[in-house]
Amino acid sequence: MIVYGVVGWKNSGKTGLMERLVAHFVAAGLTVSTIKHAHHRVDVDTPGTDSFRHRGAGAKEVLLTSQNRWALMHELSGEAELSLEEAVARLSPVDLVLVEGFKAGAHPKIEAHRQATGKAPLAAESASVRAVAADGPLNVPCPVLDLDDTAAIADFIRRDTGL
């Protein structure tokens, strides 16, 4: 599976870009999965539900299944967080895995950058950032693409990966 990242500072447009890229690639006939790295404590379960109660009782894994989807929750219970490679290995095979976050990873990435963040581009410090999708001109050592031009960004990713 091809793994490609979208990174950037908070409020730089990462999630919107991810959403548009997924829709673009799926419309083009590719199968796509995503991985989102969070730096804060998250819970995908709802207090009071049966699955929440199962986890609270100490279950290591809870698989919730319905006619529409299934979800597997795995409690780390003090174990190390998954690496990107370990997370990818848990996915079913697809054409493209888009990763939001994992800034320090060696995988190729597009940086989303908005001038309003006031932050310097990550691309200036990271060789794994192959291009920057920005809302204005930047002085960086890689191509700068229009943050709102999803087709051009997707074409760049296709060329960069050979998709």
Side-chain angles (χ1 to χ4, degrees), residues 1-28 30-45 55 61 69 71-163:
M1 295 188 291
I2 293 172
V3 176
Y4 213 91
V6 174
V7 297
W9 298 108
K10 183 176 176 151
N11 297 321
S12 63
K14 297 180 303 291
T15 303
L17 178 56
M18 285 279 293
E19 187 176 19
R20 294 190 316 271
L21 287 171
V22 169
H24 181 92
F25 286 123
V26 168
L30 297 176
T31 55
V32 180
S33 288
T34 65
I35 294 174
K36 165 65 174 137
H37 185 251
H39 292 287
H40 47 83
R41 184 179 172 99
V42 296
D43 197 338
V44 296
D45 210 358
R55 286 190 311 123
E61 291 189 328
R69 69 190 52 88
L72 177 63
M73 292 173 281
H74 179 96
E75 292 298 310
L76 290 176
S77 304
E79 299 169 31
E81 176 181 359
L82 291 180
S83 69
L84 177 57
E85 294 75 19
E86 290 167 327
V88 169
R90 284 169 168 73
L91 294 174
S92 298
V94 292
D95 298 315
L96 177 63
V97 177
L98 289 173
V99 179
E100 183 177 343
F102 285 99
K103 285 180 199 158
H107 60 291
K109 305 167 191 71
I110 292 277
E111 177 182 355
H113 187 273
R114 289 192 193 283
Q115 303 289 339
T117 66
K119 300 276 193 173
L122 298 166
E125 304 288 324
S126 175
S128 64
V129 173
R130 305 287 178 89
V132 179
D135 62 355
L138 293 173
N139 184 17
V140 291
C142 59
V144 177
L145 308 168
D146 183 334
L147 181 58
D148 294 323
D149 192 344
T150 306
I153 297 166
D155 286 345
F156 181 88
I157 293 170
R158 279 184 176 272
R159 285 191 310 275
D160 198 32
T161 62
L163 268 174

Engineer: Taking side chain to side chain contact (heavy atoms under 4.5 Å, CB included) as the criterion, tell me which of D146, L145, V6 meets it with I153.
Structural biologist: L145
Engineer: Which heavy atom of G101 sits nearest to which heavy atom of V7, and what is that distance?
Structural biologist: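 In terms of heavy atoms, the two residues are closest at O-CG1, 3.5 Å.
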Engineer: With rounding to the nearest 0.5 angstrom, report the CZ to CG distance, R20 to D148.
Structural biologist: 6.0 Å
Engineer: Quick check: closest heavy atoms across L30 and D95, and the distance to 0.1 Å?
Structural biologist: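 Scanning both residues completely, I find the closest heavy atoms to be CA-OD2, 3.3 Å.
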Engineer: Is there a donor-acceptor contact under 3.5 Å from the side chain of W9 to the main chain of R114?
Structural biologist: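 No.
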Engineer: What residues, two or more places apart in sequence or in another chain, satisfy side-chain contact (heavy atoms from CB on, under 4.5 Å) together with V26?
Structural biologist: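 Only V22, V32 meet the side-chain contact (heavy atoms from CB on, under 4.5 Å) criterion with V26.
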Engineer: Does H107 have any ring pair (Phe, Tyr, Trp, His ring centres under 6.0 Å) partners at least two apart in sequence or in another chain, and if so, which?
Structural biologist: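 H107 satisfies ring pair (Phe, Tyr, Trp, His ring centres under 6.0 Å) with no other residue.
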Engineer: Hey, are E100 and T34 close enough side-chain-wise for a donor-acceptor pair under 3.5 Å?
Structural biologist: no
Engineer: Donor-acceptor pair, D135 side chain versus L147 backbone, under 3.5 Å?
Structural biologist: no
Engineer: Please report the interatomic distance NE2(H24) to CZ(R158), rounded to the nearest 0.5 Å.
Structural biologist: 6.0 Å
Engineer: Supply the atom-to-atom distance L98 CG to K36 NZ, rounded to the nearest 0.5 angstrom.
Structural biologist: 13.5 Å
Engineer: Given side chains that start at C-beta, do those of I157 and F25 come closer than 4.5 Å, heavy atoms only?
Structural biologist: yes
Engineer: For Q115, does the CD atom sit with more than 12 other heavy atoms under 6.0 Å from it, leaving out its own atoms?
Structural biologist: yes
Engineer: Please report the interatomic distance NE2(H74) to CG(L82), rounded to the nearest 0.5 Å.
Structural biologist: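 Between H74 NE2 and L82 CG, I get 7.5 Å after rounding to 0.5 Å.
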Engineer: Looking at every heavy atom in both F102 and I35, which two are closest together, and how far apart are they?
Structural biologist: CE1-CG2, 4.0 Å
Engineer: Quick check for you: to the nearest 0.5 Å, what is the distance between D155 atom CG and D160 atom CG?
Structural biologist: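 D155 atom CG to D160 atom CG measures 12.5 Å (nearest 0.5 Å).
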Engineer: Could you tell me which residues satisfy ring pair (Phe, Tyr, Trp, His ring centres under 6.0 Å) with F156, sequence neighbours excluded, listed by chain and number?
Structural biologist: none
Engineer: Using salt bridge (Lys or Arg N to Asp or Glu O under 4.0 Å) as the criterion, list what pairs up with E125, not counting sequence neighbours.
Structural biologist: none
Engineer: Side-chain contact, heavy-atom cut-off 4.5 Å: C142 with R130?
Structural biologist: no
Engineer: Does E111 reach the main-chain N or O of A123 with its side chain, forming a donor-acceptor pair under 3.5 Å?
Structural biologist: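 Yes, because the side chain of E111 sits within donor-acceptor range (under 3.5 Å) of the backbone of A123.
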Engineer: Got a sec, which residues hit side-chain contact (heavy atoms from CB on, under 4.5 Å) with I2, two or more places apart in sequence or on another chain?
Structural biologist: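 side-chain contact (heavy atoms from CB on, under 4.5 Å) list for I2, sorted by chain: L96, T161, L163.
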Engineer: Suppose the criterion is salt bridge (charged side-chain N to carboxylate O under 4.0 Å, His left out): which pairs have a residue in residues 72-91, not counting sequence neighbours?
Structural biologist: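 Listed once each, the pairs are R55-E75, K60-E79.
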Engineer: Over all heavy atoms of both residues, which pair between A112 and K14 is shortest? Give the atoms and the distance, please.
Structural biologist: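 Looking at all heavy atoms of both residues, the shortest contact is CB-N, 3.9 Å.
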Engineer: If you round to the nearest 0.5 Å, how far is CG of L17 from CD1 of I110?
Structural biologist: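 Rounded to the nearest 0.5 Å, the CD1-CG separation comes out at 7.5 Å.
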